[in-house]
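First comes the structure, then the notes that go with it.
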Amino acid sequence: LIGATVETNWIGGSVYETFTRVTYRLGTFVYWAIAAMCVALDYQSDLKDRQIRNAELERLLSEARLSALRTQLDPHFLFNTLNAISAYVESRPREARVMLEQLGDLMRMSLDHADTQAIPLERELAFVDRYVQLQQVRFDIDVGLDVAPEALAAAVPTFILQPLVENAIRHGVSQRTGERHIDIAARREGGSLVLQVRDNGRGLPAGWELLNGRGIGLRNTQARLQHMYDAQDHELRVGPGPEGVGTQVDIRVPFRIA
């Protein structure tokens, strides 16, 4: 019965009528098929546009957060350095002048990369070297470098090492009498760049945890890494140094040429 109905719907009383019916029905089917394809393509294009806009908004938000984190570092660093210089103004004016000159060099380097989120490791080490020279006026610190040649061109977050070295001095070796050592290392491990700052200071207090014991330097460092890299692509570890002496900070980020 159904077959008879279909035959009646499609077959007319003449060849012309049959041709007209078949053409109409096929045309209607093709029309709706094309309309459905157009709607699907339009939806896909609109979805892609929304994804692009969302990605751009996320990028702008991430950059804004990174800029805010960088802005947080600058006054923190400047305050600590000026506070150190003030202690020498009257008792040791010559050393105070040297420190002010070195601070000027540091601030110029900071302004050179004010809008840059990542720089070559070689430039980061140059900034750290100026900072260490500034601190060596106050403390007798021996700084060792163990940097693989291929790591010098790797991209690192701007001023990622300075807060770690500052922590090693302020909370580590400055509390120690006798020889003061800070070791900075960098090497490539497969597709990752590993940075390491180690000191022979007093070490971490009992019960210290990264989540609860972070200062501005470590908190800022971790936040910047989280904004710049995917969770599986970076790592920040803080723990005792070799044989339990001092503190060691390890950072792992993707190895990319700056």
Result for side-chain contact (heavy atoms from CB on, under 4.5 Å) between Leu195 and one of Asp250, Leu121, Leu164 points to Leu121
Under a plain distance cut-off of 3.5 Å, with no hydrogens placed, do Arg198 and Gln196 share a side-chain donor-acceptor pair?
yes
Looking at Glu243, I'd like to know if its CD atom is crowded, meaning that more than 12 non-hydrogen atoms belonging to other residues, nucleotides or ligands lie closer than 6.0 Å.
no
Let me know which of Ile182, Val165, Asp199 forms a side-chain contact (heavy atoms from CB on, under 4.5 Å) with Ile141.
Ile182
Quick one: NZ on Lys48 to CG on Leu41, what's the gap to the nearest 0.5 Å?
12.0 Å
Minimum heavy-atom separation for Ser91 to Ala87, with atom names?
OG-O, 3.3 Å
Qualifying salt bridge (charged side-chain N to carboxylate O under 4.0 Å, His left out) pairs with a residue from residues 140-158, counting only residues at least two apart or across chains
none
Enumerate, atom names and distances included, each donor-acceptor pair closer than 3.5 Å involving a side-chain atom of residues 92-105, sequence neighbours excluded.
| residue | atom | partner | partner atom | Å |
| --- | --- | --- | --- | --- |
| Gln102 | OE1 | Leu134 | N | 3.4 |
| Asp105 | OD1 | Arg108 | NH2 | 2.3 |

In Å and rounded to the nearest 0.5 Å, what is the CZ to CD distance from Arg170 to Gln175?
9.5 Å
Kindly give the heavy-atom pair with the smallest separation between Ile160 and Glu124, and that separation in Å.
N-OE2, 2.9 Å
Search all heavy atoms of Leu225 against all heavy atoms of Pro157 and return the closest pair with its distance.
CD2-CG, 4.3 Å
Got a sec: does the CD of Glu122 have more than 12 other heavy atoms crowding it under 6.0 Å?
no
Where His181 and Asn200 come nearest, the two heavy atoms and their spacing
N-OD1, 2.8 Å
Of all heavy-atom pairs between Gln248 and Pro242, which one has the smallest distance, and what is that distance?
OE1-CD, 3.7 Å
Value for NE2 (His227) from CD (Gln222), rounded to nearest 0.5 Å, stands at 10.5 Å
Counting only heavy atoms not in Arg252 (residues, nucleotides, ligands), do more than 12 fall under 6.0 Å from its CZ?
yes
Search all heavy atoms of Ala168 against all heavy atoms of Val197 and return the closest pair with its distance.
CB-CG1, 4.4 Å
